[in-house]
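Data first, discussion second: the structure below is written as structure tokens.
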Amino acid sequence: MLDKGYTPSTLEDSIYHLWESNNLFAPATADAMEGESETYCLIMPPPNVTGKLHMGHAMYVVQDILVRYHRMAGFRTLYLPGTDHAGIATQNVVEKQLAKDGVSRHDLGREQFLKKVWEWKEESGTTITKQLRKLGMSCDWTRERFTLDDHSSAAVREAFVKLYEKDLIYRGYYIVNWCPRCQSVIADDEVEHKTMQSFLWHIRYPMADERGKIVVATTRPETMLGDTGVAVHDGDIRYKQFIGHNVRLPLSNRLIPVVGDHAVDPKFGTGAVKVTPSHDFNDYEMAKRHELPHLQVLDLQNTMTKEAGAFAGMSVEEARVAVEEALREGGFLEKKEPYEHSVGVCYRCHTTIQPQVSRQWFVRSQPLAQAAIAMVKSGKIKIIPKRFNKIYFQWLDNIRDWCISRQLWWGHRIPVYYNDAGEVRASTTPPAESGWHQDEDVLDTWFSSALWPFSTLGWPEGDNADLDEFFPTSVLVTAYDILFFWVERMAMLGVECTGEIPFHHVLLTGLVRDEQGRKMSKSLGNALDPLEIIKEYGADALRYSLVAAVSPGNDLNYSIPKTQGYRYFANKVWNAARFVMMKCPDIAKVSHTPPSPMTKLSMAQRWIVSRLHQVVGSTTKNIQRYELSEAALGLYDFFWHEFCDWYLEIAKINLSDDADPAAKKLEETILSYVLCTSLKLLHPFLPFLTEAIWQELGHEEKYLITASWPKTGKVSKTSLDDFARIKRLVTEIRTLRSTFGVKPSAKLDVFIIGEPFLSEDELSYLQNLASLGGIVQQENALHSIPNSLKTVVDSYEILLQMGDDFDKTAETARIQKEIGELTAYHDRLAKELSNKQFVSKAPKQVVEGKQKTLVETSEKVRKLQQQAKMLA
RNA sequence: GGGCAAUUAGCUCAGUUGGUUAGAGCAUCUGCCUUACACGCAGAGGGUCAUAGGUUCGAGUCCUAUAUUGCCCACCA
């Protein structure tokens with residue numbers, strides 16, 4: 001028997017252990033499945049080993065729900081977990097820790113430093129996998145992977161060499177985003193833009209021939225030392241005469257040419273721009289077009305180089321002040337005005353990015369992007385929701401080559417070797433001969449992530465069962481914010497490396513925000529720890545509160561009270577199960593197949609079974625369409641507000657001590673069937689709770705996690721209508737009782753006037769649910785019934801017998817108000833129906849429906865008016 | 001500058017192809033310890049569906065503007 005109280009904290013760990021120790025997460029073996037079965041494969045997006053899980057990761061429950069459903073639905077299901085080494089991010093974490101002791105990575109040396117990072121990885125990785133277990137992720141831990149494990153490394157080397165050999169990877173000089181703090185290149189999409197308050201300096205550049213001047217506007221005066229040209233728009237008449245002539249660069253006296261270029265906006269600033277090819281992206285491009293030389297005045301540590309002359313050795317900040325001062329002294333500074341502009345910063349450490357020209361490795365992206373675009377255009381990869389297609393295409397259409405080398409230590413070392421003769425060799429293994437040394441840099445962390453859907457399954461090994469069986473994977477579930485970083489690159493490298501799509505569907509989830517819609521972050525102090533929430537409310541409640549509120553691609557504003565609400569729901573499920581098990585001691589032996597034939601059942605039984613069958617259908621459909629919130633909310637409503645609130649109350653009639661034994665037996669069958677089926681439907685959402693109950697039931701299917709997904713069955717439409725009517729009658733009587741302050745314990749007598757007569761079953765529901773005494777049914781009222789409250793439901797007049805001291809004034813007022821509302825409604829309907837256009841153009845059912853309602857409404861009004869007259 | 005969302009009850013959100021008097025949870029109010037659950041039960045109040053037009057017999061739902069909010073991309077000398 002279940003404990004009286006539901007306490008998630010005590011049951012969740014043991015249930016997880018039950019599943020894991022019985023190896024229930026692994027795909028069913030082929031012989032355990034009957035005949036040919038479809039496979040379902042979901043590879044977990046690997047969390048970074050930078051610490052612990054946050055609320056964003058809690059959205060992984062979406063994956064688990066899909067997995068649990070498919071496992072139960074008979075698919076050979078693989079859910080493969082893993083973690084990501086997260087290059088820069090993880091290295092930063094460890095460097096920060098070392099910095100506390102005043103140690104830098106260079107003090108330790110590459111090997112020792114990496115040892116430290118691996119230690120950190122072990123710790124963080126373990127924390128994360130523990131946390132994933134707490135969330136209830138039903139992934140196959142025996143296949144757990146890491147983006148930097150031997151297998152992934154082999155895949156990375158293989159992919160790199162393959163691409164290099166096809167000339168899709170090359171090494172070249174290019175202007176890149178340099179993070180002076182990380183001391184590494186970062187990719188274009190790793191740059192964030194931040195608005196900053198600064199100044200716009202207007203600097204006068206005199207013409208070399210002294211016949212005039214050009215004033216340029218800049219936000220970075222210190223870089224003028226590296227100018228190798230001045231550009232104006234080629235059609236700008238103000239400057240046309242200067243194009244082709246030289247200006248004398250202030251402070252250095254170098255002569256640099258004026259060029260005409262279409263990229264200059266004549267309307268901005270002075271319409272003239274200094275060209276600093278080494279430290280600005282646009283200038284780099286312009287220099288290319290006009291063959292201007294490069295001059296690096298800032299080194300990788302953000303210190304002015306010797307090219308900066310008198311300013312050499314200064315930091316950027318110092319140089320900016322000094323240059324401004326020197327310009328002012330020399331009379332070159334025309335003006336300095338406040339200016340707001342956006343600055344690129346490193347997405348990891350938020351340091352201002354310094355554009356630098358350097359030699360890096362790149363992936364030639366255009367050809368790969370074409371293939372990735374085709375996969376979505378042709379529908380082979382389906383993105384959910386569809387609107388992200390546009391964003392996907394837009395990014396790939398405008399893709400630039402992807403800089404993949406990073407000047408870090410933590411990551412996949414680039415598999416390229418050099419010798420003193422200047423030869424370069426890309427190879428999956430080091431050259432056998434001596435004299436070769438490997439490239440010092442590592443690969444962008446997203447390079448290994450891009451291979452994740454197949455490196456995890458064994459690629460590039462030729463003969464591999466998992467790869468054969470589970471690739472392409474079924475669906476990739478991830479937040480939309482890494483569509484560019486990750487999804488698109490998986491598509492590109494997936495197609496290139498394997499010749500296949502990496503996944504059939506991409507389900508994009510939203511971000512978890514706080515209740516005011518703000519991003520959760522440490523600095524805002526609004527970040528919630530999923531583990532804390534689990535501790536207090538249970539993983540099941542957390543799962544439900546997330547899933548019930550999400551729709552594909554939309555953000556979720558999360559707040560604790562939502563989880564609390566589903567904690568109450570979990571409690572409800574627990575107690576309903578406890579009640580059923582108390583009343584049906586033989587539940588394990590009772591059939592869990594649909595009771596048949598339906599005709600032998602009572603009206604309420606036919607109703608609950610029909611509703612259950614409908615819910616099986618809608619839940620299944622909604623999970624398949626990724627509408628998990630609809631599935632979750634539908635189940636919630638069914639279980640609580642139909643099964644518990646209505647059906648269990650009715651079932652109590654048959655379960656009472658003096659009930660007919662045969663009826664009692666039948667009732668147990670129904671309860672067992674509805675409960676067991678509901679537990680199955682709820683299991684993906686509330687895995688711990690439902691499994692815990694299941695284990696107590698002693699069901700013939702030993703574990704719920706691997707039990708069969710329910711099938712839909714017969715639906716009796718009549719019972720749905722009949723029950724809806726009973727509900728209306730009960731609710732109406734309850735409302736009257738409540739309005740007139742009738743004590744809940746008072747059993748009132750009632751007259752029901754009208755046809756058709758209610759059945760025995762229905763009368764008994766009415767009596768029990770509305771706590772009535774005697775019920776008298778009559779076709780027509782034979783005489784007026786004094787001291788009664790009257791209401792009209794469908795074709796029935798309900799007369800509730802009160803004592804002679806009831807408040808007649810209140811009743812009159814109530815009835816008058818009701819009459820007023822109904823009359824207004826009636827008039828609206830009548831007006832609509834008198835519209836010839838409506839009658840002729842609207843579908844027949846709509847018109848007939850309204851006609852019927854019109855008649856019913858006027859009938860109700862008539863009956864209420866009668867009562868009003870009587871009261872007067 | 002380009003694009004994408006969102007705007008429905010005090011709060012958080014449903015509302016699938018246009019068709020009964022727009023729903024839920026939380027919160028509020030009233031009454032109940034009714035033999036599973038007070039983490040409960042029953043009842044009630046609360047919305048001119050952002051604004052203005054338009055299409056239609058009929059619009060929360062479709063179209064066009066506008067406003068507000070959020071996000072993405074590009075650019076910002």
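Below, chains carry the letters A, B, ... as their sequence lines are ordered, and counting in each starts from 1.
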Original post:
The side chain of A:Asn575 lies closest to which of these nucleotides: B:rU16, B:rA36, B:rC57?
Top reply: B:rA36

Original post:
So, is A:Trp395 near the phosphate of B:rG3, with a side-chain N or O under 4.0 Å from OP1 or OP2?
Top reply: no

Original post:
Which nucleotide in the list B:rG40, B:rA14, B:rA5 gets nearest to the side chain of A:Arg387?
Top reply: B:rA5

Subject >> Flag for A:Ser738-A:Thr735: side-chain donor and acceptor within less than 3.5 Å >> reply: no

Original post:
Between B:rA5 atom C1' and A:Leu556 atom CG, what is the distance in whole Å?
Top reply: 15 Å

Original post:
Rounding to a whole Å, what distance do you find between A:Lys817:NZ and B:rA44:P?
Top reply: 11 Å

Original post:
Given the P atoms of B:rC57 and B:rC49, what is the spacing between them in whole Å?
Top reply: 23 Å

Subject >> side chain to side chain donor-acceptor pair (under 3.5 Å) between A:Lys274 and A:Thr276, intermediate numbers included >> reply: CA-CA 6 Å; A:Lys274 59 198 236 12; A:Thr276 321; 2.9 Å; yes

**OP:** Scan A:Trp640 against the nucleic acid and name what it touches under 4.0 Å (heavy atoms): base, sugar-phosphate only, or nothing.
**Re:** sugar-phosphate

Original post:
What's the closest nucleotide to the A:Met582 side chain, out of B:rG43, B:rG70, B:rA36?
Top reply: B:rA36

Subject >> Sugar-phosphate only, base, or nothing, as touched by A:Leu633 at under 4.0 Å among non-hydrogen atoms >> reply: nothing

**OP:** Quick one: label A:Thr731 by what it contacts on the DNA or RNA (base, sugar-phosphate, nothing), any heavy atom closer than 4.0 Å.
**Re:** sugar-phosphate

Original post:
Contact class for A:Tyr480 vs. all strands (heavy atom < 4.0 Å): base, sugar-phosphate, or nothing?
Top reply: nothing

Original post:
For B:rA44, which nucleotide in any strand shown is its Watson-Crick or wobble partner with both distances under 3.5 Å?
Top reply: B:rU28

**OP:** Begin with the C-alpha distance, continue with both residues' side-chain angles, and end with the deciding distance and a verdict on salt bridge (Lys or Arg N to Asp or Glu O under 4.0 Å) for A:Glu222 and A:Arg220.
**Re:** CA-CA 6 Å; A:Glu222 69 283 3; A:Arg220 303 196 49 201; 3.5 Å; yes

Original post:
Side chains of A:Tyr566 and A:Asn571: is there a donor and an acceptor less than 3.5 Å apart?
Top reply: no

Original post:
Using a cut-off of less than 4.0 Å, is there contact between a side-chain N or O of A:Ser559 and OP1 or OP2 of B:rC11?
Top reply: no

**OP:** May I ask you to check whether A:Phe685 and A:Tyr636 place their ring centers less than 6.0 Å from one another?
**Re:** no

Original post:
Rounded to whole angstroms, how far apart are CZ on A:Phe643 and P on B:rA36?
Top reply: 14 Å

**OP:** Can you tell me, in whole Å, how much space there is between the P of B:rA50 and that of B:rU16?
**Re:** 14 Å

Original post:
Any side-chain N or O of A:Lys743 under 4.0 Å from OP1/OP2 of B:rU34?
Top reply: no

Subject >> Between B:rC11 and B:rA27 - P atom distance, rounded Å >> reply: 15 Å

Original post:
When rounded to the nearest Å, what value does the distance between C1' atoms of B:rG10 and B:rC62 take?
Top reply: 31 Å

Original post:
Of the candidate nucleotides B:rA44, B:rU20, B:rC57, which contains the atom at the shortest distance from the side chain of A:Thr735?
Top reply: B:rA44

**OP:** If B:rA6 has a Watson-Crick or G-U wobble mate with both distances under 3.5 Å, name it; if not, just say none.
**Re:** B:rU68

Original post:
Picking from B:rC41, B:rG43, B:rU16, which would you name as closest to the side chain of A:Lys572?
Top reply: B:rC41

**OP:** Could you check whether A:Arg567 gets within reach of a base, just the sugar-phosphate, or nothing at all, counting any heavy atom under 4.0 Å?
**Re:** base

**OP:** Could you check how far CD1 of A:Ile653 sits from P of B:rA36, rounded to whole Å?
**Re:** 14 Å

**OP:** Identify the nucleotide, in any strand shown, that forms a Watson-Crick or G-U wobble pair with B:rA74, with both distances under 3.5 Å; if there is none, say none.
**Re:** none

Original post:
What is the base-pairing partner of B:rU20, counting Watson-Crick and G-U wobble geometry with both distances under 3.5 Å?
Top reply: none

Original post:
Does any nucleotide pair with B:rG58 by Watson-Crick or G-U wobble geometry, both distances under 3.5 Å, and what is it?
Top reply: none

**OP:** Send over the distance from A:Leu648 CG to B:rU34 C1', rounded to a whole Å.
**Re:** 15 Å

Original post:
Across the strands shown, which category fits A:Asp645 at heavy-atom distances under 4.0 angstrom: base, sugar-phosphate, nothing?
Top reply: sugar-phosphate

Original post:
For A:Ala549 and A:Val730, take the nucleotide of RNA chain B holding the closest heavy atom to each; which residue's nucleotide lies nearer the 5' end?
Top reply: A:Ala549

**OP:** Using a cut-off of strictly less than 4.0 Å, decide whether A:Lys390 has a side-chain nitrogen or oxygen near OP1 or OP2 of B:rC4.
**Re:** yes

Original post:
Between A:Lys850 and B:rC57, is there a side-chain N or O to OP1/OP2 distance below 4.0 Å?
Top reply: no

Subject >> P spacing across the pair B:rU21 / B:rG25, given as an integer number of angstrom >> reply: 23 Å

Original post:
Once you round it to whole Å, what is the distance between P of B:rU16 and NZ of A:Lys621?
Top reply: 12 Å

Subject >> Atom C1', compared across B:rC33 and B:rC39: separation rounded to whole Å >> reply: 15 Å

Original post:
Out of B:rG25, B:rG43, B:rC32, which has the shortest distance to the side chain of A:Pro744?
Top reply: B:rC32

**OP:** Could you work out the separation of B:rA36 and B:rU30 based on their P atoms and round it to a whole Å?
**Re:** 28 Å

Original post:
Taking atom C1' of B:rG43 as reference, at what distance in whole Å does atom CD of A:Glu732 sit?
Top reply: 12 Å

Original post:
What about A:Tyr392 and A:Phe388, are their ring centers closer than 6.0 Å?
Top reply: no

**OP:** Please work out if A:His641 contacts a base, only the sugar-phosphate, or nothing of the nucleic acid, heavy-atom cut-off 4.0 Å.
**Re:** sugar-phosphate

Subject >> Gap between atoms CZ and C1', on A:Arg578 and B:rA36 respectively (whole Å) >> reply: 5 Å

**OP:** Just compare B:rA14, B:rC57, B:rU21 and give me whichever is closest to any side-chain atom of A:Gln837.
**Re:** B:rC57

Subject >> Interatomic distance at C1', B:rU69 relative to B:rC29, whole Å >> reply: 33 Å

Subject >> Donor on one side chain, acceptor on other, A:His290 and A:Asp261, under 3.5 Å >> reply: yes

Subject >> Minimal non-hydrogen separation, A:Tyr239 against A:Thr270, with atom names >> reply: OH-O, 2.5 Å

Original post:
On RNA chain B, nearest-nucleotide positions of A:Tyr6 versus A:Trp646: which is more 5'?
Top reply: A:Tyr6

**OP:** Write down the atom of A:Ser771, the atom of A:Pro744, and the distance for their closest heavy-atom approach.
**Re:** OG-O, 3.5 Å

Original post:
Checking all strands, does A:Lys562 fall into the base, sugar-phosphate, or nothing category for heavy-atom contacts under 4.0 angstrom?
Top reply: sugar-phosphate

**OP:** Classify the nucleic acid contact of A:Val264 as base, sugar-phosphate or nothing, counting any heavy atom under 4.0 Å across all strands shown.
**Re:** base

Original post:
Any side-chain N or O of A:Asn557 less than 4.0 Å from the OP1 or OP2 oxygen of B:rC13?
Top reply: yes

Subject >> Residue A:Tyr568, side-chain atoms from C-beta onward, closest of B:rG40, B:rU56, B:rC32 >> reply: B:rG40

Original post:
When only distance counts, do a donor and an acceptor, one from the side chain of A:Glu649 and one from the base of B:rA36, lie under 3.5 Å apart?
Top reply: yes

Original post:
Is a side-chain donor-acceptor pair under 3.5 Å present for A:Lys194 with A:Thr352?
Top reply: no

